[in-house]
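These notes are about the structure you will find just below.
The chains referred to below are lettered A, B, ... by the order of the sequence lines, with proteins before strands, and numbering in each begins at 1.
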Protein chains: 2
Amino acid sequence: MADERDFLAGYDPRDYDPVAVTVDVVALTIRDGALHVLLVRRAHPPFAGMWALPGGFVRGVRDAEDLPDAAVRELAEETGLEAGDGPLERMHLEQLGTYGRPGRDPRMRVISVAYLAFAPELPEPKAGGDADDAAWTPVTALGLGASGEQRPGTTRKLAFDHARVLADGLERARAKLEYTPLATAFCPPEFTIPELRAVYEAVWGEELHAGNFHRKVLSVPGFVEGTGTTSDRIGRRGGPRPKLYRAGDARLLHPALLRPGREEEIR
Amino acid sequence: MADERDFLAGYDPRDYDPVAVTVDVVALTIRDGALHVLLVRRAHPPFAGMWALPGGFVRGVRDAEDLPDAAVRELAEETGLEAGDGPLERMHLEQLGTYGRPGRDPRMRVISVAYLAFAPELPEPKAGGDADDAAWTPVTALGLGASGEQRPGTTRKLAFDHARVLADGLERARAKLEYTPLATAFCPPEFTIPELRAVYEAVWGEELHAGNFHRKVLSVPGFVEGTGTTSDRIGRRGGPRPKLYRAGDARLLHPALLRPGREEEIR
DNA sequence: TGAGAAATACTCAACTTGAGAAGAACTTAA
DNA sequence: TTAAGTTCTTCTCAAGTTGAGTATTTCTCA
């Protein structure tokens with residue numbers, strides 16, 4: 001044990017290569033039936049004026065924080081919401097992946113741990129920190145290709161490798177909706193089956209058969225549970241008032257709710 | 001642009017909290033019909049004498065390397081294989097997750113990026129670097145609980161949070177076998193359907209219905225393709241000689257090959 | 001008040017799965 | 001040499017799931 005103490009004492013972390021660690025957050029929500037991602041506009045170089053995922057340096061030693069805590073902190077700072085608020089509490093947060101290609105940040109070697117968040121509708125963000133603007137942005141406006149590049153002519157150019165990170169986050173979100181009940185994380189505490197279908201349609205970008213979707217959601221054990229109440233008719237275009245449901249206790253959908261027509265993507 | 005250059009010049013990475021970045025590898029293979037993981041025994045504190053996943057510091061600035069390259073390098077160093085060798089070439093490697101809880105390493109703040117590797121049978125490893133032993137270890141010998149802890153009485157205690165990392169890697173491997181053809185990454189270039197079934201049984205820890213498995217593998221497009229040849233009868237207990245197959249060109253299995261009897265895990 | 005829209009419930013054919021059985025090809029032990 | 005046991009491979013059948021379409025009812029809007 002004295003051995004171990006000697007060893008620790010002779011250990012200077014700064015002998016190692018200086019590597020910085022950041023967290024970036026792909027925060028997704030549904031607004032007006034379309035999938036949106038939270039972006040901030042960079043006020044300073046590098047990539048000044050370009051848009052980026054909210055994020056920042058992890059507090060490493062002083063006030064050392066765990067990675068998910070850093071992600072929530074950065075998200076709270078950018079949205080102006082308190083960590084402990086209702087919407088941020090109900091939010092789903094999971095690690096997406098870590099991006100560390102040398103040269104991805106021109107200043108220094110930066111390893112970025114990306115998190116993926118699903119949130120019910122959140123208020124407009126307020127710019128803060130290094131950002132001079134912040135906004136929910138429809139993902140369709142970013143011209144993202146499947147391999148993580150932006151099509152020429154897109155107005156909102158993403159900084160660093162954030163187009164790649166966002167593309168990975170979107171694909172993860174699409175896949176998670178297949179086999180988990182996380183679509184409910186985009187909804188308020190009580191929601192209707194058509195609202196849930198709208199989440200699937202926004203994330204997957206395709207229309208679903210209403211009758212089959214309804215049958216499927218009710219037949220998967222633990223996906224949703226009825227509240228016995230009915231939604232009021234605000235903002236609807238016709239038809240009977242749909243019933244209200246809450247998220248059930250399932251953590252996995254069994255059988256899964258598969259995306260239609262993916263035969264082309266398989267090879 | 002002058003603006004940007006000034007900014008970079010005034011930027012000292014060492015102003016930031018010193019955080020070290022490592023890679024750790026969960027390398028899985030099948031030996032004697034059982035799932036094994038590559039472990040090394042630590043020669044020095046902390047956790048001297050305990051077993052750990054192979055890994056080490058990422059080369060950050062001098063000879064800066066990308067994270068997957070660091071994972072392959074560490075794996076090659078620990079196994080004594082060259083990073084261009086046949087088995088290491090055919091190996092599947094994917095990022096598993098990043099572990100950065102403060103205090104997980106008593107020396108300093110360490111963020112560890114874990115990788116998951118699937119390999120066909122590899123030679124016995126040779127200890128090197130900080131390790132005084134290295135061995136393929138049956139995962140059943142580690143007494144892993146589902147929540148990433150080791151049951152009391154397990155002889156090979158894992159250092160750091162490596163029990164958690166390994167548990168996550170095993171769950172990822174089990175899930176990947178359901179919807180990707182990656183079971184073939186555990187097999188030699190040519191294999192039989194019963195050999196492929198043995199991979200599934202070793203990773204999932206349950207016996208599968210031979211007839212249904214056979215039908216399923218052949219019916220999923222692009223999973224395997226026949227070679228027209230037949231295996232020789234070495235080391236078999238009876239029965240006809242099975243046909244040989246190669247991995248097909250599918251990247252996803254559609255429909256997926258689901259694990260039986262997971263109804264309990266859903267809630 | 002009538003047209004249109006949407007929620008929900010149904011039907012039916014096609015497909016997939018799980019369980020079992022059968023036949024053929026091979027090994028091993030008597 | 002033979003009998004018994006093992007395993008690969010192919011079938012069969014019942015039960016469950018899916019995709020597409022239809023029907024009924026309740027609502028909004030003009």
Side-chain angles (χ1 to χ4, degrees), chain A residues 33 177-179 187 190-201 204 206-221 223-245 252-263 266, chain B residues 33 177-179 187 190-201 204 206-221 223-245 252-263 266:
Chain A
L177 259 53
E178 291 195 308
Y179 59 93
C187 295
E190 298 198 344
F191 54 87
T192 68
I193 307 252
E195 280 167 3
L196 190 63
R197 176 160 49 84
V199 171
Y200 275 89
E201 290 176 335
W204 286 351
E206 14 188 4
E207 298 210 333
L208 299 177
H209 184 295
N212 290 344
F213 183 85
H214 201 276
R215 172 183 64 185
K216 178 70 183 176
V217 168
L218 294 184
S219 74
V220 173
F223 194 175
V224 299
E225 55 186 33
T227 64
T229 55
T230 296
S231 89
D232 37 13
R233 59 197 146 293
I234 42 169
R236 302 199 38 261
R237 290 206 295 161
R241 288 178 243 173
K243 295 183 199 149
L244 283 169
Y245 295 84
L252 292 173
L253 301 185
H254 188 76
L257 208 167
L258 297 176
R259 277 176 272 183
R262 292 214 304 147
E263 272 70 14
I266 288 171
Chain B
L177 259 52
E178 291 195 307
Y179 60 95
C187 294
E190 297 198 345
F191 53 87
T192 67
I193 306 252
E195 279 167 3
L196 190 62
R197 177 160 49 86
V199 171
Y200 275 88
E201 290 176 336
W204 286 352
E206 7 186 13
E207 298 211 333
L208 300 177
H209 183 295
N212 291 343
F213 182 85
H214 202 276
R215 173 183 62 186
K216 177 73 183 173
V217 168
L218 293 185
S219 74
V220 173
F223 194 176
V224 299
E225 56 186 32
T227 64
T229 56
T230 297
S231 88
D232 38 11
R233 60 199 148 294
I234 42 171
R236 304 200 34 260
R237 292 207 296 161
R241 290 178 239 172
K243 295 182 198 150
L244 282 169
Y245 296 84
L252 293 172
L253 301 184
H254 187 76
L257 208 167
L258 298 176
R259 279 176 270 184
R262 291 215 302 148
E263 271 70 14
I266 287 170

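- Among dT17(D), dT7(D), dT26(D), the nucleotide with an atom closest to any side-chain atom of Arg236(B) is dT7(D).
- At dC27(D), one or more side-chain N or O atoms of Arg241(A) fall inside 4.0 Å of OP1 or OP2 (strictly under the cut-off).
- In this structure, Leu244(A) atom CG and dT8(C) atom C1' are separated by 15 Å, rounded to whole Å.
- Nucleic acid contact class of Arg215(A) (heavy atoms, under 4.0 Å, all strands): base.
- With a 4.5 Å cut-off on side-chain heavy atoms, Leu257(B) and Tyr200(B) count as touching.
- One finds a side-chain N or O of Arg197(B) lying less than 4.0 angstrom from the OP1 or OP2 phosphate oxygen of dC8(D).
- Rounded to whole angstrom, the span from the CG atom of Asp232(B) across to the C1' atom of dC26(C) amounts to 14 Å.
- Arg241(A) CZ to Thr192(A) OG1: the interatomic distance, rounded to the nearest 0.5 Å, is 13.5 Å.
- Put simply, the side chain of Thr229(B) never gets that close to the backbone of Leu244(B): no donor and acceptor are under 3.5 Å apart.
- Distances shown here put a side-chain N or O of Arg237(B) below 4.0 Å from the OP1 or OP2 atom of dT7(D).
- If you measure from atom NZ of Lys216(B) to atom P of dA19(C), you get 15 Å, rounded to the nearest angstrom.
- In plain terms, the two heavy atoms of Glu201(A) and Glu206(A) that are nearest each other are CG-O, 3.2 Å.
- Proximity note for Pro255(A) (side chain, C-beta onward) versus dA6(C), dC8(D), dT18(D): the nearest is dT18(D).
- In this structure, the side chain of Lys216(B) engages the main chain of Pro255(B) through a donor-acceptor pair within 3.5 Å.
- Distances shorter than 4.0 Å separate none of the side-chain N or O atoms of Lys243(B) from OP1 or OP2 on dC8(D).
- Rounded to whole angstrom, the span from the CD atom of Glu206(B) across to the P atom of dG18(C) amounts to 11 Å.
- Rounded to a whole Å, the NE2 atom of His254(A) is 11 Å from the C1' atom of dT17(D).
- Phe213(A) places its CZ atom 17 Å from the C1' atom of dA20(D), with the value rounded to the nearest Å.
- We find that NE2 of His209(B) is positioned 14 Å from C1' of dA14(D), with the value rounded to whole Å.
- Between Leu218(B) atom CG and dT9(D) atom P there is a gap of 8 Å when expressed in whole angstrom units.
- Annotation: of the two residues near DNA chain C, Glu195(A) and Leu257(B), the 5′-most nearest-nucleotide partner is Glu195(A).
- Checking Gly239(A) against Asn212(A), the closest nucleotide of DNA chain C that is more toward the 5' end is the one next to Gly239(A).
- Mapped onto DNA chain D by nearest heavy atom, Ala210(B) and Ser219(A) fall at different nucleotides, with Ala210(B) at the one closer to the 5' end.
- His214(A) comes within contact range of the sugar-phosphate backbone alone, with a heavy-atom separation under 4.0 Å but no base atom that close.
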